[in-house]
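What follows is a single structure, written as structure tokens, with notes after it.
Worth saying up front: this structure is predicted, and the values here are computed from it rather than measured.
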Amino acid sequence: IANGLTTGELMSLITYSTQMFASLLILAFLSVGILISVSSMNRIFEVLDEEPNIKNKDNAIMELKNYNIEFKDVSFKYKHKAQKEVLKNINLKIEEGECVGIIGGTGSGKSSLVNLIPRLYDTTFGSVCVGDVDVRDYDIETLRKNIGMVMQKNVLFSGTVKSNLCFGKEDVSDLEIFKALEIACAKDFIEEKENGINTVVEQGGVNFSGGQRQRLCIARAIIKKPKILIFDDATASVDNATDKKIRTAMKEYLKGTTRIIISQKISSIIDCDKILVLDRGSLVGVGCHESLLKDCEIYKEICALQINHESSE
């Protein structure tokens, strides 16, 4: 053997060298992992230490006088440094108890508009008032407990149907639950379940269909009996007949409640007291269905497209 090494000694040298190299590789991987972990930890602490922009003022108002809504010269952008405004110079009044429809193309600012009412965001310019008071002057919890929101993306929690419907409200009777389910056209499919309102809801509500999840979320909002109820495309997964049944039942049950309905479907808002038409962040039309057909080109285009689509099916 060259250099006086025996075969066994050469094999031992190779084995020890391999083990040492493997240990060095593990050490290198650990070093990289530590560096990544430190960076992640710093980002987590940045989030935890971040002060929320939306917070109560000193001496925040704890009671709403009425539920009129008014937008005064409202402009909004998600970042103050952004050049493009999501909403531009919105002036609008919604009277207490009115049913208002909002329609417009994707990205026209529909959701952004309604998100300003419960103060999920603050206006960049101008003010949003509820009960003749700027929403920034209210106690946030007081404001939001009077506003119900049902979104297109529905969230159900692990638990039971009953615990989901009563979320955020105590002392709800079974009679109230079944009434809300009936209004939301969800009573039949819940009663078909072996355990009824005690049926288990898996995380995210995956054991229910999209339309069923939407109707359960609508029922949850109805149980709360909010003074202002916002539907953000909340019936997108239900058929037109069910949509109409829900709207008709809500009108009767929630008398005096201000209802704001965002929808892509003309059929969902055609009976509203007034309809708002948004285009690229601007309010380009306000009126009933008949008046908008006469005076608003964008509304006429939306109607024509939907009529043509339905006729081709």
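The residues R144 and E141 are annotated as not salt-bridged, no charged nitrogen and carboxylate oxygen being separated by less than 4.0 angstrom. Ion pairing between D139 and K57 fails under the 4.0 Å rule for side-chain N and carboxylate O. Salt bridge absent: D122 and R136 never bring a charged side-chain N and a carboxylate O closer than 4.0 Å. At a threshold of 4.0 Å, the pair K300-E297 counts as salt-bridged, since one of the basic side-chain nitrogens sits closer than that to a carboxylate oxygen.
The line from CG of N68 to CD of E98 is 9.0 Å long, rounded to the nearest 0.5 Å. For the atom pair OH of Y67 and CD1 of I228, the computed distance is 8.0 Å after rounding to the nearest 0.5 Å. Atom CD1 in I36 sits 11.0 Å away from atom OG in S31 (nearest 0.5 Å). Taking NZ of K93 as the start and SG of C129 as the end, the distance is 10.5 Å to the nearest 0.5 Å. Atom CD1 of I230 sits about 8.0 Å away from atom CD1 of I102, to the nearest 0.5 Å.
Across A249 and I183, no two heavy atoms sit closer than the pair CB-CG2, 3.7 Å. The heavy-atom pair separating R247 from I261 by the smallest distance is CD-CD1, 4.3 Å.
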* Begin from the C-alpha positions of F71 and L116 and carry the test side chain to side chain contact (heavy atoms under 4.5 Å, CB included) through to its verdict. => CA-CA 9 Å; F71 288 73; L116 298 176; 4.2 Å; yes
* Step by step, work out the side-chain hydrogen bond (donor to acceptor under 3.5 Å, both in side chains) result for S39 and N42. => CA-CA 5 Å; S39 298; N42 290 334; 5.6 Å; no
* Asked: Step by step, would you call I147 with K227 a side chain to side chain contact (heavy atoms under 4.5 Å, CB included)?
  -> CA-CA 6 Å; I147 300 172; K227 298 298 184 181; over 6 Å; no
* Please assess I218 against I246 for the test side chain to side chain contact (heavy atoms under 4.5 Å, CB included), listing each intermediate value before the final yes or no. => CA-CA 9 Å; I218 291 169; I246 293 170; 4.2 Å; yes
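Pairs engaging residues 176-196 under the side-chain hydrogen bond (donor to acceptor under 3.5 Å, both in side chains) rule: S173-E176 [sequence neighbours left out]. Pairs of residues two or more places apart, or lying in two chains, that qualify as ring-ring contact (aromatic ring centres under 6.0 Å, His included) and include a residue from residues 280-304 are H289-Y299.
Put simply, the side chain of F231 does not reach to within 4.5 Å of the side chain of M151, judged on heavy atoms. Using a 4.5 Å cut-off on side-chain heavy atoms (C-beta onward), I103 and I275 make contact. Annotation: side chain of D232 is not in contact with side chain of V150 (no heavy-atom distance under 4.5 Å). Looking at heavy atoms from C-beta onward, I260 lies in side-chain contact with I94 at the 4.5 angstrom threshold. V286 places a side-chain heavy atom less than 4.5 Å from the side chain of K274. Counting only heavy atoms from C-beta outward, the side chains of T248 and E252 never approach each other to under 4.5 Å. Counting heavy atoms from C-beta outward, F189 and Q212 have side chains that approach closer than 4.5 Å. Within the 4.5 Å cutoff, no side-chain heavy atoms of V277 are placed close to those of L283.
For the residue pair D279 / S282, no side-chain donor-acceptor distance below 3.5 Å is found, with atom types taken as modelled. Defined by atom type and a distance below 3.5 Å, a donor-acceptor pair is missing between the side-chain atoms of T160 and N198. A donor-acceptor contact closer than 3.5 angstrom links the side chains of N91 and D73. Using modelled atom types and a 3.5 Å distance limit, the side chains of D243 and S268 yield a donor-acceptor pair.
Here the side chain of T257 pairs a donor or acceptor atom with the backbone of P226 at under 3.5 angstrom. A donor-acceptor contact shorter than 3.5 Å is absent between the side chain of Q214 and the backbone of S209. A distance-only check finds a donor-acceptor pair linking the side chain of S23 to the backbone of Q19 [under 3.5 Å]. Side-chain atoms of D239 come within 3.5 Å of backbone atoms of T242 as a donor-acceptor pair (strictly under, hydrogens ignored). No donor-acceptor pair under 3.5 Å is formed between the side chain of N164 and the backbone N or O of R220.
In summary, of the residues considered (I223, L216, I222), a side-chain contact (heavy atoms from CB on, under 4.5 Å) with L181 occurs for L216 alone.
The side chain to side chain donor-acceptor pair (under 3.5 Å) search around D271 returns none, not counting sequence neighbours.
Using cut-offs of 30° and 60° for the angle between ring planes, the Y78 and Y121 rings count as perpendicular.
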